[in-house]
Student: 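Shown below is the structure under consideration.
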Amino acid sequence: LPMIESEKAPFLEDATIALVTLGVRAIPSVIQLLEHRSWQIQERAVVILTTMGAVAVPALIGVLRRPPTYNKAEEKDDWTSQLRAAEILGAIGPVASDALGVLVVNLENQAIQKTVVEAIGNMKEEARPAIPSLISSMQHGDADFRKRVVKVLGQISSGAKESIPQLLAALNDKDWNIRRNAAEVLGQIGPAAKEAVPKLIKDLESNESEMMYVAMQTLARIGKYAADAVPQIVRILQGQNVELKKSAAVSLGEIMGTNL
């Protein structure tokens, strides 16, 4: 471990290789480095634990279950270890799905929730059991957090039909990034997201060219069930915006089942 704290690159590399080779035996010591005062040492510990992969998951779950340490100097709780643990689990990916339960519990922890939701998203299809909790968590956190949740719902599954009601609600969010992300996820879901058509038609009537573009992409993926949007798409096709006209042509072709 002293070699890990060295600033000399050769020592760092040698120590990293040695600790990864030790595997499970080295994990408790490396876990301690997640609280090291040096950000660089923390990063090195992240690399080691991520490289270890699945064998490090049980210890990382333990870290997430721990209460925070108390930073006397700043007079506040320190969640650094838990934040790093969530980061590592996300980097490990689907094989870390045993940690899904403890990650879900931490969705309400505002100190680490943004890292937690991204870790869940990185578990892809293995994270499907977390969908109800992700949907519920959208009631908490700021706009950036809600945006990340919407994005993660798309990462977990393009057919996550159970998330449709919340995605429809997200189409009315004040933050246009959230509206855009919600529309993109609904597009990934496809025809099953046909309930979104009325709201997407309203987006076509707006003056937000980027939102209009995303709405047309989503309507194209919904296909024939988006037929009610044809008049608005034709209107755009007859307009002056070249890029929107290209998107309108593609969208109309998908909805009508023809190539324009």
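Only this structure's heavy atoms are used, side chains among them; waters, hydrogens and symmetry mates stay out.
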Student: Could you tell me the separation between the CZ atom of Arg180 and the CD atom of Glu208, rounded to the nearest 0.5 Å?
Tutor: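 The distance works out to 11.5 Å.
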
Student: Counting only heavy atoms not in Gln110, do more than 12 sit closer than 6.0 Å to its CD atom?
Tutor: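 No - once you tally the heavy atoms of other residues, nucleotides and ligands closer than 6.0 Å, there are 12 at most.
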
Student: Of the non-hydrogen atoms in Ile222 and Lys194, which two are nearest, and what is the gap between them?
Tutor: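 Taking every non-hydrogen atom into account, CG2-CA, 4.0 Å.
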
Student: Going by heavy atoms in the side chains, are Gln155 and Asn122 under 4.5 Å from each other?
Tutor: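 The answer is yes; the side chains approach within 4.5 Å.
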
Student: Please give me the minimum heavy-atom distance between Val150 and Ile178, naming the atom from each residue.
Tutor: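 It is CG2-CG2, 4.3 Å.
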
Student: Pick out which of Lys114, Gln113, Lys147 makes a side-chain hydrogen bond (donor to acceptor under 3.5 Å, both in side chains) with Asp142.
Tutor: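 The residue from Lys114, Gln113, Lys147 that satisfies side-chain hydrogen bond (donor to acceptor under 3.5 Å, both in side chains) with Asp142 turns out to be Lys114.
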
Student: Trp176, Leu204: one ILVMFWY side-chain cluster at the under-4.5 Å cut-off?
Tutor: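 No.
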
Student: Is the backbone N or O of Pro67 less than 3.5 Å from a side-chain atom of Gln82, with the two atoms forming a donor-acceptor pair by type?
Tutor: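 Pair found, side chain donor or acceptor close to backbone of Pro67.
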
Student: Mind listing the closest non-hydrogen atom pair of Leu153 and Val185 along with its distance?
Tutor: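 Of all heavy-atom pairs spanning Leu153 and Val185, the closest is C-CG1, 4.3 Å.
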
Student: Say you draw a straight line from CD of Gln240 to NZ of Lys245; how long is it, rounded to the nearest 0.5 Å?
Tutor: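 Rounded to the nearest 0.5 Å, the CD-NZ separation comes to 6.5 Å.
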
Student: Is there side-chain contact between Val102 and Leu60, with at least one heavy-atom pair below 4.5 Å?
Tutor: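 Contact flag for Val102/Leu60 side chains = no.
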
Student: Below 4.0 angstrom, N of the basic side chain to O of the carboxylate: do Arg148 and Glu118 qualify?
Tutor: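 Yes, charged N to carboxylate O under 4.0 Å.
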
Student: Could you tell me if Gln238 and Arg235 have a donor-acceptor pair between their side chains, going purely by distance under 3.5 Å?
Tutor: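 Side-chain D/A pair, Arg235 to Gln238: absent.
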
Student: Just by modelled atom types, is the His36 backbone N or O under 3.5 Å from a matching donor or acceptor in the Gln42 side chain?
Tutor: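 Confirmed, Gln42 side chain pairs with His36 backbone.
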
Student: For the CZ atom on Phe145, are there more than 12 heavy atoms of other groups (residues, nucleotides or ligands in this structure) within a distance under 6.0 Å?
Tutor: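 Yes.
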
Student: Say you draw a straight line from OG1 of Thr218 to CG of Leu200; how long is it, rounded to the nearest 0.5 Å?
Tutor: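 Here the interatomic distance stands at 5.5 Å.
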
Student: What residues form a salt bridge (charged side-chain N to carboxylate O under 4.0 Å, His left out) with Arg84, not counting sequence neighbours?
Tutor: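 Only Glu43, Glu87 meet the salt bridge (charged side-chain N to carboxylate O under 4.0 Å, His left out) criterion with Arg84.
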
Student: So which atom in Leu171 and which in Ala196 form the shortest heavy-atom distance, rounded to 0.1 Å?
Tutor: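 Smallest heavy-atom distance, with atoms named: CD1-CB, 4.1 Å.
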
Student: Out of the candidates Val63, Val95, Leu100, Leu103, only one should pair with Leu89 under the side chain to side chain contact (heavy atoms under 4.5 Å, CB included) rule; please name it.
Tutor: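 Of Val63, Val95, Leu100, Leu103, side chain to side chain contact (heavy atoms under 4.5 Å, CB included) with Leu89 is met by Leu103 alone.
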
Student: To the nearest 0.5 Å, what is the distance between CG (Leu167) and CZ (Arg179)?
Tutor: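 Rounded to the nearest 0.5 Å, the CG-CZ separation comes to 14.5 Å.
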
Student: Working to the nearest 0.5 Å, report the span between CG of Leu252 and CG of Leu237.
Tutor: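 Spacing of CG (Leu252) from CG (Leu237) equals 6.5 Å.
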
Student: With hydrophobic residues grouped by side-chain heavy-atom distances under 4.5 Å, do Val105 and Ile120 end up in a single group?
Tutor: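 In one cluster with Val105: Ile120, no.
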
Student: Less than 4.5 Å apart, any side-chain heavy atom of Glu125 and any of Pro94?
Tutor: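 Result no, sub-4.5 Å side-chain heavy-atom pair not found.
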
Student: Restricting to non-hydrogen atoms, name the atom on Ser251 and the atom on Met216 that form the minimum distance, rounded to 0.1 Å.
Tutor: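 For Ser251 and Met216, the tightest heavy-atom pair comes out as OG-O, 3.0 Å.
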
Student: Side chains of Trp79 and Asn109: closer than 4.5 Å at any heavy-atom pair?
Tutor: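 SC-SC contact between Trp79 and Asn109 confirmed.
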
Student: So, the side chain of Ser247 versus the backbone of Leu244: is there a donor-acceptor pair under 3.5 Å, distance only?
Tutor: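 Not a single qualifying donor-acceptor pair exists.
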
Student: Of all the heavy-atom pairs spanning Val116 and Ala86, show the shortest one and how long it is.
Tutor: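 Scanning both residues completely, I find the closest heavy atoms to be CG2-CB, 4.1 Å.
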
Student: Is a salt bridge present between Asp173 and Arg146, judged by a nitrogen-to-oxygen distance below 4.0 Å?
Tutor: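 Counted as a salt bridge, because a side-chain N and a carboxylate O are separated by less than 4.0 Å.
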
Student: Is the shortest side-chain N to carboxylate O distance from Lys76 to Glu74 below 4.0 Å?
Tutor: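 Counted as a salt bridge, because a side-chain N and a carboxylate O are separated by less than 4.0 Å.
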
Student: For the backbone of Val46 and the side chain of Thr50, can you confirm whether one donor and one acceptor N or O come within less than 3.5 Å of each other?
Tutor: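 A pair under 3.5 Å: yes.
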
Student: Give a yes or no on whether a salt bridge exists between Lys199 and Asp203, defined as a side-chain N under 4.0 angstrom from a carboxylate O.
Tutor: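 Looking at Lys199 and Asp203, the cut-off is met.
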
Student: To the nearest 0.5 angstrom, please state how far the CD1 atom of Ile41 sits from the CG atom of Leu33.
Tutor: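 The distance works out to 7.0 Å.
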
Student: Treat each ILVMFWY residue as a node, draw an edge where side-chain heavy atoms are under 4.5 Å apart, and state whether Met211 and Ile236 are in one component.
Tutor: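 Result: no, two separate clusters.
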
Student: Residues in salt bridge (charged side-chain N to carboxylate O under 4.0 Å, His left out) with Glu75, at least two apart?
Tutor: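 Salt bridge (charged side-chain N to carboxylate O under 4.0 Å, His left out) list for Glu75, sorted by chain: empty.
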
